[in-house]
Amino acid sequence: MTYCVAIRVNQGLVMLSDTRTNAGMDNIGRFRKSFTYHVPGERAMAIMCSGNLSITQEVKQTLTRQIKDAETQPENETLLNCATMHRAAQIIGEAMGIVQKRYRSSIEMQGASADASILFAGQRRGGKPRLYMIYAQGNFIEATADTPFFQIGEHKYGKPILDRIIRPETSLVDAAKAACVSMDSTLRSNLSVGMPLDLTVIPRDTFDFKARRRIEADDEEFLQISHSWGAALKRGFEDLPSVLD
């Protein structure tokens with residue numbers, strides 16, 4: 001399984017994913033689920049993947065082949081040259097639809113699930129930061145002021161902190177902290193989610209990445225967030241009034 005969270009606030013975009021895959025209790029693997037795309041000074045984008053790994057890897061390879069082919073056929077439309085982030089989401093959705101049509105029936109005949117989903121976030125010059133959730137069918141929805149974050153995978157453990165903290169006016173720094181707390185809560189409650197993590201931060205109107213880094217299990221900043229959050233929860237619990245006379 002996996003856990004990926006993406007947040008859109010007024011100051012930009014934050015994305016955080018784990019790297020664990022689980023095809024059974026004794027078949028645990030590590031695969032990157034976060035990938036970035038960049039045209040310096042013009043656009044910065046990232047995708048995160050959840051679900052059937054063979055499906056999402058093929059979608060990723062389809063997007064990469066499109067970009068490679070455009071080097072000799074510049075008229076071809078890709079994530080790096082399309083007119084809008086909405087169109088970029090459509091390109092990812094179209095790739096998902098093609099891969100699902102090719103493999104879904106044979107995967108399901110073997111008793112496995114072909115379901116997959118992708119979070120896509122980015123900004124191009126002349127547009128706003130945008131965040132989309134793309135489904136297995138290739139359709140998608142966009143984050144709004146009422147719903148400024150999306151989660152895929154094992155989302156339930158990390159949702160409460162996001163519900164309480166994330167608003168459009170939340171700072172980019174606080175959004176990144178909330179994503180780390182959300183991930184820490186999930187890591188503690190679900191063995192199918194595991195380190196290391198991949199963090200991507202795209203500040204508004206920079207068309208570049210403020211952070212694009214791997215967080216290992218011994219990362220001092222992440223450990224400090226985890227320990228401080230645990231201590232704060234304990235203090236808050238101890239301060240609660242008793243429900244017993």
Side-chain angles (χ1 to χ4, degrees), residues 1-8 13-24 27-37 45-67 77-80 82 84-122 130-144 146-159 162 179 182-183 186 190-194 197-198 200:
M1 200 54 181
T2 188
Y3 178 51
C4 304
V5 55
I7 300 169
R8 190 196 75 173
L13 301 154
V14 175
M15 306 178 79
L16 183 64
S17 65
D18 82 318
T19 54
R20 179 167 293 179
T21 62
N22 184 359
N27 190 8
I28 305 297
R30 179 189 294 182
F31 288 89
R32 176 179 288 272
K33 304 166 189 174
S34 178
F35 307 94
T36 59
Y37 302 86
M45 304 168 291
I47 65 173
M48 296 190 300
C49 306
S50 175
N52 186 291
L53 184 61
S54 67
I55 293 291
T56 57
Q57 284 192 343
E58 184 65 21
V59 171
K60 167 69 167 50
Q61 288 303 312
T62 298
L63 299 173
T64 300
R65 285 196 300 270
Q66 291 173 350
I67 293 169
E77 193 176 33
T78 75
L79 294 181
L80 299 187
C82 60
T84 65
M85 289 297 101
H86 183 87
R87 178 56 189 148
Q90 288 180 328
I91 290 172
I92 298 170
E94 289 165 2
M96 175 74 84
I98 291 170
V99 174
Q100 288 282 351
K101 183 177 181 180
R102 183 180 301 154
Y103 296 113
R104 188 177 189 90
S105 60
S106 58
I107 291 173
E108 292 182 340
M109 283 179 62
Q110 302 301 316
S113 172
D115 286 343
S117 53
I118 291 175
L119 296 181
F120 168 63
R130 312 291 287 267
L131 169 60
Y132 301 90
M133 180 184 291
I134 301 166
Y135 298 103
Q137 295 79 7
N139 57 321
F140 55 85
I141 60 174
E142 182 177 3
T144 65
D146 292 326
T147 306
F149 66 86
F150 287 142
Q151 304 164 278
I152 53 177
E154 290 290 347
H155 64 274
K156 53 185 176 294
Y157 305 103
K159 191 171 186 293
L162 302 176
S182 177
M183 180 64 73
T186 306
N190 194 303
L191 293 176
S192 69
V193 177
L197 313 175
D198 289 305
T200 304

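Here the structure is a predicted model, which is why all the values come from computation and not from measurement.
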TODO: Check whether any side-chain heavy atom of Tyr37 sits under 4.5 Å from a side-chain heavy atom of Thr78, and report yes or no.
DONE: no
TODO: Nearest 0.5 Å please: distance from the CZ atom of Phe35 over to the SG atom of Cys49.
DONE: 5.5 Å
Open item on the list: Between Glu154 and Asp18, is there a side-chain heavy-atom distance shorter than 4.5 Å?
Closed with: no
Open item on the list: To the closest 0.5 Å, what do you measure between CD1 (Ile7) and CE (Met15)?
Closed with: 10.5 Å
TODO: Check the pair Gln100, Val59 against side chain to side chain contact (heavy atoms under 4.5 Å, CB included), reporting the backbone distance first and the verdict last.
DONE: CA-CA 9 Å; Gln100 288 282 351; Val59 171; over 6 Å; no
Task: Residues which pass side chain to side chain contact (heavy atoms under 4.5 Å, CB included) with Glu77, listed by chain and number, not counting sequence neighbours - done: Asn81, Cys82, Arg87, Ile91
Open item on the list: side chain to side chain contact (heavy atoms under 4.5 Å, CB included) for Met85 and Phe120? Distances and angles first, verdict last.
Closed with: CA-CA 9 Å; Met85 289 297 101; Phe120 168 63; 3.9 Å; yes
Task: Charged N-O contact under 4.0 Å between Asp198 and Lys33 - done: no
TODO: Quick one: pull up CD in Gln57 and CG in Asn52 and give me the separation to the nearest 0.5 Å.
DONE: 9.5 Å
TODO: Under the side chain to side chain contact (heavy atoms under 4.5 Å, CB included) rule, collect the residues that match up with Ser50, sequence neighbours excluded.
DONE: Thr2, Ser117, Ile152
Task: Electrostatic pair Glu58:Lys60 at N-O distance under 4.0 angstrom - done: no
Task: Donor-acceptor side-chain pairing of Asn190 and Ser192 below 3.5 angstrom - done: yes
Open item on the list: Holding to side chain to side chain contact (heavy atoms under 4.5 Å, CB included), I want the full list of residues that pass it with His86, two or more places apart in sequence or in another chain.
Closed with: Thr84, Gln90, Tyr132, Phe140
Task: Whether Arg20 side chain and Leu191 backbone form a donor-acceptor pair below 3.5 Å - done: yes
- [ ] For Ile98, enumerate each residue passing the side chain to side chain contact (heavy atoms under 4.5 Å, CB included) test, keeping only those at least two apart in sequence or located in another chain.
- [x] Arg102
Task: Nearest heavy-atom neighbours spanning Ala143 and Arg8 - done: O-NH1, 3.4 Å
Task: Steps toward side chain to side chain contact (heavy atoms under 4.5 Å, CB included) verdict (Ile47, Leu63) - done: CA-CA 11 Å; Ile47 65 173; Leu63 299 173; 4.3 Å; yes
Task: Least distance between heavy atoms, Leu79 atom then Ala88 atom - done: CD2-O, 3.6 Å
Task: With sequence neighbours excluded, residues passing side chain to side chain donor-acceptor pair (under 3.5 Å) with Thr62 - done: Arg65
Task: Verdict with reasoning, Phe149 to Val14, per side chain to side chain contact (heavy atoms under 4.5 Å, CB included) - done: CA-CA 9 Å; Phe149 66 86; Val14 175; over 6 Å; no
Open item on the list: Tell me the closest heavy-atom pair linking Ser17 and Met183, and the distance in Å.
Closed with: C-CE, 3.8 Å
Open item on the list: If I compare all heavy atoms of Arg32 with all of Thr19, which pair ends up nearest, and what's the gap?
Closed with: CA-CG2, 4.4 Å
TODO: Measure the CE-CD distance between Met96 and Gln137 for me, rounded to the nearest 0.5 Å.
DONE: 9.0 Å
TODO: Please round to the nearest 0.5 Å and tell me the distance separating atom CD1 of Ile92 and atom CE of Met45.
DONE: 8.0 Å
Task: Which atom of Cys4 lies closest to which atom of Met48, heavy atoms considered - done: CB-CE, 3.7 Å
Task: Heavy-atom pair with the smallest gap, counting every atom of Gly93 and Ile134 - done: CA-CG2, 3.9 Å
Open item on the list: Could you check whether any side-chain N or O of Ser106 sits under 3.5 Å from a backbone N or O of Tyr103, counting only pairs where one atom can act as donor and the other as acceptor?
Closed with: yes
Can you give the donor-acceptor pairs under 3.5 Å from side chains of residues 107-115 to other protein atoms, not counting sequence neighbours?
unit_1, atom_1, unit_2, atom_2, d
Glu108, OE2, Arg104, NE, 3.1
Glu108, OE2, Arg104, NH2, 3.3
Ser113, OG, Asp115, N, 3.2
Asp115, OD1, Arg104, NH1, 3.4
Asp115, OD1, Arg104, NH2, 2.6

Open item on the list: Any non-hydrogen side-chain atom of Ile141 less than 4.5 Å from a side-chain atom of Tyr135?
Closed with: yes
